[in-house]
Amino acid sequence: MQIKSQINKIIEESFKAINITPKNTQVSDATKPEFGDYQYNGAMALAKELKQNPREIAIKLANELEKSELFEKVDVAGPGFINFTLSSNFLSKNIVKSLDSRAGVAVKEDPIKVVVDYSSPNMAKQMHVGHLRSTIIGDTLANLFEFLGDEVIRQNHIGDWGTQFGMLIAYFEENQKDIDAKLSDLEEFYKAAKKRFDISEEFAKKAREYVVKLQSGDEKCLQLWSAFIDKSLQHCQEIYDKLGVKLDKSCVKGESSYNDDLKSIVSELETKGVAKESQGAKCIFFEGSNNPLIIQKQDGGYLYATTDLAAIKYRVEKLGAKRVCYVVDARQSEHFKQVFEAARLAGFVDESILLEHIAFGMMLDKNGKPFKTRDGGTVKLIDLIEEAIKRAREVISRADDYTQEELEKIAQVVGIGSLKYADLSINRQSNYIFDWDKMLSLDGNTALYMQYAYARINSILNRAGKFETREPKLSDELERRLALKVLTLEDTLLKAYKEAMPHIITNYLYELATLFMKFYENNPILKEGVDEETKISRLNLAKATANAIKVSLNILGIEVLERI
RNA sequence: GCACUCGUAGCUCAGCUGGAUAGAGCAUCUGAUUGCGGUUCAGAAGGCCACAGGUUCGAAUCCUGUCGAGUGUACCA
């Protein structure tokens with residue numbers, strides 16, 4: 001349920017009742033729990049405008065606000081802060097509603113069509129750590145949008161076109177071998193080809209010729225190329241499956257698929273006067289910037305900017321997207337800024353369509369240096385995943401007497417979950433320091449802490465057996481706060497939605513789990529001496545908490561375990 | 001050179017549509033719990049929010065400048 005918007009509405013109405021039209025009617029979270037649940041600070045800003053005492057305005061407004069049944073208390077404090085405390089009755093009533101499979105979160109009233117472009121591996125190489133953030137953040141955003149009711153189209157804009165494939169084909173021709181055998185380690189194959197390319201002028205020339213042949217549709221080249229792609233996609237799919245990322249073949253729409261549109265895109269941009277020739281290349285210039293966006297090279301070749309423009313056109317015109325999210329490395333900010341601007345100049349998109357570069361920082365090691373293997377190579381994503389699972393296995397196997405099968409399942413869920421959570425819990429815009437120990441710690445804002453909290457609640461519920469679904473009686477401040485936190489899930493998701501920031505959800509989860517741990521420590525549920533009424537009340541609250549944790553984690557693409 | 005991002009506790013990070021005494025976790029110190037599930041909970045200590053100005057009743061948050069870090073900057077993707 002949405003709480004803030006309900007309060008905002010009441011504020012608006014209350015202002016109407018006292019004949020004031022304010023600029024801002026938004027409540028914010030209370031800065032301290034002692035103040036209440038929410039606060040409104042608008043009275044101070046209004047005071048100057050109306051030439052009235054802020055406190056008087058606040059009191060007048062508070063008198064109106066008090067009439068609402070939503071609040072137990074409306075206080076005016078200091079120079080004119082208005083503090084709201086929600087009624088416990090309101091909280092308990094809604095806790096019951098949050099026991100459903102959506103944890104009480106409504107579907108958006110105005111669903112839109114959204115394209116999320118993420119992962120986008122290069123088909124000539126294996127996936128490496130650089131692809132992790134895009135894949136995880138993108139998948140989470142897609143899950144979130146979907147959960148809230150948008151129609152989500154996941155697009156994997158794979159790098160399956162360009163010079164590198166000429167290189168691969170040339171190298172393959174040179175070393176005629178069985179394609180499966182050769183491609184079993186694509187990485188090695190690519191490296192070998194690249195080496196040849198750098199050393200031999202003759203080989204490089206041949207590679208370029210193959211690019212031209214490929215792009216003009218040479219049968220044999222296409223066949224080889226498509227075998228490369230198939231093989232490479234298989235590798236990617238293994239990783240997606242392992243990560244539990246919802247990408248598959250149907251999401252693949254690679255660079256090559258726009259090949260046939262590029263020519264007409266360029267001529268359309270020229271006709272519209274958006275693109276001009278400069279130094280032999282076709283460029284789009286922008287006001288206040290010296291760097292143009294080049295869409296066609298001197299030699300007539302197209303660039304990735306051209307492909308991106310074709311992709312925008314496709315997504316908006318063919319797919320009908322109203323919001324397009326590009327989950328790509330922050331280093332490409334300028335590129336996307338230019339591409340988006342160009343798309344607007346060309347009239348491919350109007351103001352109603354939101355084009356967003358969901359930028360994220362790099363993964364760094366403990367010393368703040370780019371994350372590499374010991375000998376300075378790129379870390380293969382598959383190795384990173386295996387390592388996460390291995391480490392998770394070590395952490396949990398200290399704990400209990402699992403069967404081999406259980407241990408494997410738990411190691412998978414915890415390892416993958418931790419890897420994802422560590423990434424998602426940090427503001428995506430900044431670089432992030434990758435730390436195995438912190439990632440798999442049970443303390444602090446980690447996946448294990450959440451999964452453990454969930455399993456713990458689950459254990460209590462199992463021990464309790466069947467019990468009645470009932471509005472919990474919130475008997476103390478801790479229970480109130482926990483209940484309120486459970487109910488703010490929807491507000492949290494909407495904020496994360498608007499800003500495309502997964503860490504807003506993890507912050508919420510951490511607060512929720514922490515509150516639960518406190519509640520659990522202080523308010524026994526199944527211990528002797530707890531009366532039946534209180535027990536059932538607390539069981540309901542615990543169940544609602546578990547539900548909110550589960551729903552949130554699932555949006556993050558993290559599984560919960562009934563037992564750890 | 002120019003552009004973008006960033007600078008908050010020893011470390012890793014929240015907070016940034018301006019609000020009350022700037023919050024967590026780790027590490028450090030102290031206490032509770034003989035265990036509804038062990039890896040739990042409570043408390044202490046730790047801050048010129050890079051620096052200097054400005055706007056404002058009010059600035060970590062907005063603006064300008066300086067310093068420092070990272071990234072990008074014409075035919076790779």
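Numbers restart at 1 for each chain; the letters A, B, ... are given by sequence-line order, proteins then strands.
When heavy atoms are screened at a 4.0 angstrom cut-off, A:Tyr510 is found touching the sugar-phosphate backbone but no base atom. Nucleic acid contact for A:Gln26: none, since no nucleic acid atom lies under 4.0 Å from a heavy atom of the residue. Among the heavy atoms of the strands, none lies under 4.0 Å from A:Ser120. A:Asn522 comes within 4.0 angstrom of no nucleic acid atom, judged by non-hydrogen atoms across all strands.
Taking atom CZ of residue A:Phe81 and atom P of nucleotide B:rG19, one finds them 9 Å apart after rounding to whole Å. A:Ile396 has its CD1 atom 15 Å from the C1' atom of B:rG37, to the nearest Å. Taking atom NZ of A:Lys366 as the reference point, atom P of B:rA27 lies 12 Å away to the nearest angstrom. Summarising the geometry, the separation between OH on A:Tyr302 and P on B:rA77 is reported as 13 Å, rounded to the nearest angstrom. The CG atom of A:Asp29 sits 15 Å away from the P atom of B:rG23 (whole-angstrom rounding). Taking atom CG on A:Asn445 and atom P on B:rA24, their separation rounds to 14 Å, with Å as the unit. The distance from atom CG of A:Asn431 to atom P of B:rC13 is 9 Å, rounded to the nearest whole Å.
Contact annotation: A:Ser459 side-chain N/O to B:rG37 OP1/OP2 distance is under 4.0 Å. Checking the phosphate oxygens (OP1, OP2) of B:rG15, a side-chain nitrogen or oxygen of A:His503 falls inside 4.0 Å. Remark: A:Arg331 is not in phosphate contact with B:rG70, judged by side-chain N or O atoms under 4.0 Å from OP1 or OP2. When the side-chain nitrogen and oxygen atoms of A:Lys48 are compared with OP1 and OP2 of B:rC57, one or more of them lie within a distance under 4.0 Å. Distances shorter than 4.0 Å separate none of the side-chain N or O atoms of A:Lys125 from OP1 or OP2 on B:rA77. Between A:Lys438 and the phosphate of B:rG25, there is no side-chain N or O to OP1/OP2 separation shorter than 4.0 Å.
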Going through the checks in order, is the ring-ring contact (aromatic ring centres under 6.0 Å, His included) test met by A:Phe81 and A:Phe35? CA-CA 10 Å; A:Phe81 297 104; A:Phe35 296 151; 7.5 Å; no
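Taking atom C1' in both B:rG15 and B:rG35, the straight-line distance is 36 Å, to the nearest Å.
Using a cutoff of 4.0 Å between basic side-chain nitrogens and carboxylate oxygens, A:Asp198 and A:Lys194 are scored as salt-bridged. A salt bridge does not link A:Lys253 with A:Asp117: every distance from a Lys NZ or Arg NE/NH1/NH2 to an Asp or Glu carboxylate oxygen is 4.0 Å or more.
Put simply, the side chain of A:Asn83 and the base of B:rA20 share a donor and an acceptor less than 3.5 Å apart.
Applying the 5.5 angstrom centroid cut-off and the 30 degree plane-angle cut-off, the aromatic ring of A:Tyr452 is not stacked upon the base of B:rU39.
Taking the six-membered ring where the residue is Trp, the centroids of A:Phe519 and A:Phe516 are separated by under 6.0 Å.
The environment of A:Lys337 atom NZ is sparse: at most 12 non-hydrogen atoms of other residues, nucleotides or ligands sit within 6.0 angstrom.
Partner assigned to B:rA3 is B:rU71, using Watson-Crick or G-U wobble distances below 3.5 angstrom.
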